[in-house]
Amino acid sequence: MIQWFCGLSHPAQAFLATLFTWALTAAGAAPVFLFRKFNQNVLDAMLGFAGGVMVAASFWSLLSPAIEMAETLQMVPWLVVLCGFLGGGLLLFAGDRLCSRPGRARTCGKGGPGGPGAENRGPVPAALLCRKRSLMLVASITLHNIPEGMAVGVAFGSLAYDLEGASLGAACLLALGIGLQNLPEGTAVSVPLLREGMSRSKAFFIGQASGFVEPIAGLLGALLVLRLRFLLPFLLAFAAGAMIYVVVEELIPESQTNKNKDLMALFTLIGFSVMMVLDVALG
């Protein structure tokens, strides 16, 4: 099996490696099937956990590598990262404005718009709020997965050029590290969608689909490795800006509407810590 993998072309190796990272995203989204019912406290805790995961991933998985890569490519690191970070946030800000709403509801599920007391929560339909919030969450994770898939593709594609420090083992370890990081990210997508009133199967489908871009980006990265290296710092920072916007705009505020807001804040710290350990330990 190992010899077979080593004998493949570098783009094929990158594609298979990123299929593996996608599979772990799907595994992370699977917990929606493991429990018959989530109570509101559990869902709010998972929302806080997701926020912590995304904040940690924004720095260790995205901004820090973007700065290092920009320095390696002899760019102006602070300028590239600033433009990318603000670009990602402004993109979702523009999308948020397009879906602007005069009212705001706590959830899109039971007790949300259309439920008891809906007349006091503004005229925005529940379906619109659900669609907007779901799109923001999925878009941020998907944007995060594109440069990660490209990073794996670049690692495998660079093997064709005998670059210093490039090796098949290092490329495989990078794919393993990103795959393990994708486990909590799959949960970060599927569980909040379940909280918004989505069915388990649909929440799982969207959760795993957020990682489907990685095989595509990985293959593209391996095929265009030399050119894409100059785009990766910007793309990494762009994804970070999008993720931070979603965390600040949606995830943490929603989790803090729980009466046990101090406990929800603790789960945000736990989510941050889990992702930090995965990023730092797996490098």
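Note that the coordinates shown come from a computational prediction; the quantities given were computed from them, not determined experimentally.
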| query | Taking only residues at least two apart or on different chains, which pairs with a member in residues 62-75 satisfy side-chain hydrogen bond (donor to acceptor under 3.5 Å, both in side chains)? | reply |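 Not a single pair qualifies under side-chain hydrogen bond (donor to acceptor under 3.5 Å, both in side chains).
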| said: Does anything in residues 14-27 form a side-chain hydrogen bond (donor to acceptor under 3.5 Å, both in side chains)? List the pairs, not counting sequence neighbours. | reply: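 Output for this query lists T21-E214, W22-Q208, T25-N182.
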Approximate separation, where rounding is to 0.5 Å, of [X] [atom1] and [Y] [atom2]:
{"X": "L219", "Y": "L19", "atom1": "CG", "atom2": "CG", "value": "9.5 Å"}
{"X": "L82", "Y": "F234", "atom1": "CG", "atom2": "CZ", "value": "10.5 Å"}
{"X": "C83", "Y": "F238", "atom1": "SG", "atom2": "CZ", "value": "12.0 Å"}
{"X": "T257", "Y": "I252", "atom1": "OG1", "atom2": "CD1", "value": "12.5 Å"}
{"X": "F267", "Y": "D262", "atom1": "CZ", "atom2": "CG", "value": "11.0 Å"}
{"X": "L236", "Y": "I146", "atom1": "CG", "atom2": "CD1", "value": "11.5 Å"}

[Y] and [X], any side-chain heavy atoms less than 4.5 Å apart:
{"X": "M75", "Y": "F230", "result": "yes"}
{"X": "F85", "Y": "S58", "result": "no"}
{"X": "C6", "Y": "L168", "result": "yes"}
{"X": "M150", "Y": "L231", "result": "no"}

| Of the options L266, N41, D44, which is the one that meets N260 in a side chain to side chain contact (heavy atoms under 4.5 Å, CB included)? |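 Result: among L266, N41, D44, N41 is the only option passing the side chain to side chain contact (heavy atoms under 4.5 Å, CB included) with N260.
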| field | ring-ring contact (aromatic ring centres under 6.0 Å, His included) against F272, all qualifying residues, sequence neighbours excluded | value |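 ring-ring contact (aromatic ring centres under 6.0 Å, His included) list for F272, sorted by chain: W60.
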| task | Return yes if some donor-acceptor pair links the side-chain N/O of R200 with the main-chain N/O of F33 below 3.5 Å, else return no. | result |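 Not confirmed, R200 side chain does not pair with F33 backbone.
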| task | Give a yes or no on whether the backbone of S210 and the side-chain of N145 come within a donor-acceptor separation of less than 3.5 Å. | result |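 Side chain of N145 to backbone of S210, a donor-acceptor pair under 3.5 Å: yes, one is there.
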Looking only at heavy atoms, which two atoms of [X] and [Y] are closest? And how far apart?
{"X": "A203", "Y": "L193", "answer": "CB-CB, 4.1 Å"}
{"X": "A66", "Y": "A237", "answer": "CB-N, 4.2 Å"}
{"X": "T187", "Y": "P31", "answer": "OG1-CG, 4.2 Å"}
{"X": "P233", "Y": "L73", "answer": "CG-CD1, 4.1 Å"}
{"X": "Y245", "Y": "G89", "answer": "CD1-O, 3.9 Å"}
{"X": "M264", "Y": "N258", "answer": "CG-CB, 3.8 Å"}

| message | Hydrophobic cluster membership, with links at side-chain heavy-atom distances under 4.5 Å among I/L/V/M/F/W/Y: are F156 and I2 in one? | response |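 Unlinked, F156 and I2 end up in two clusters.
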| message | Are there over 12 heavy-atom neighbours, none belonging to L79, within less than 6.0 Å of that residue's CG? | response |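 Enclosed.
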| Does atom CZ of F20 have more than 12 heavy-atom neighbours from other groups under 6.0 Å away? |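 Yes, CZ of F20 has more than 12 neighbouring heavy atoms, counting only those of other groups under 6.0 Å.
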| said: I'd like to know whether S255 forms a side-chain contact (heavy atoms from CB on, under 4.5 Å) with F49, so could you lay out the CA-CA distance, the side-chain angles of the two residues, the decisive distance to 0.1 Å, and finally the verdict. | reply: CA-CA 9 Å; S255 70; F49 179 88; over 6 Å; no
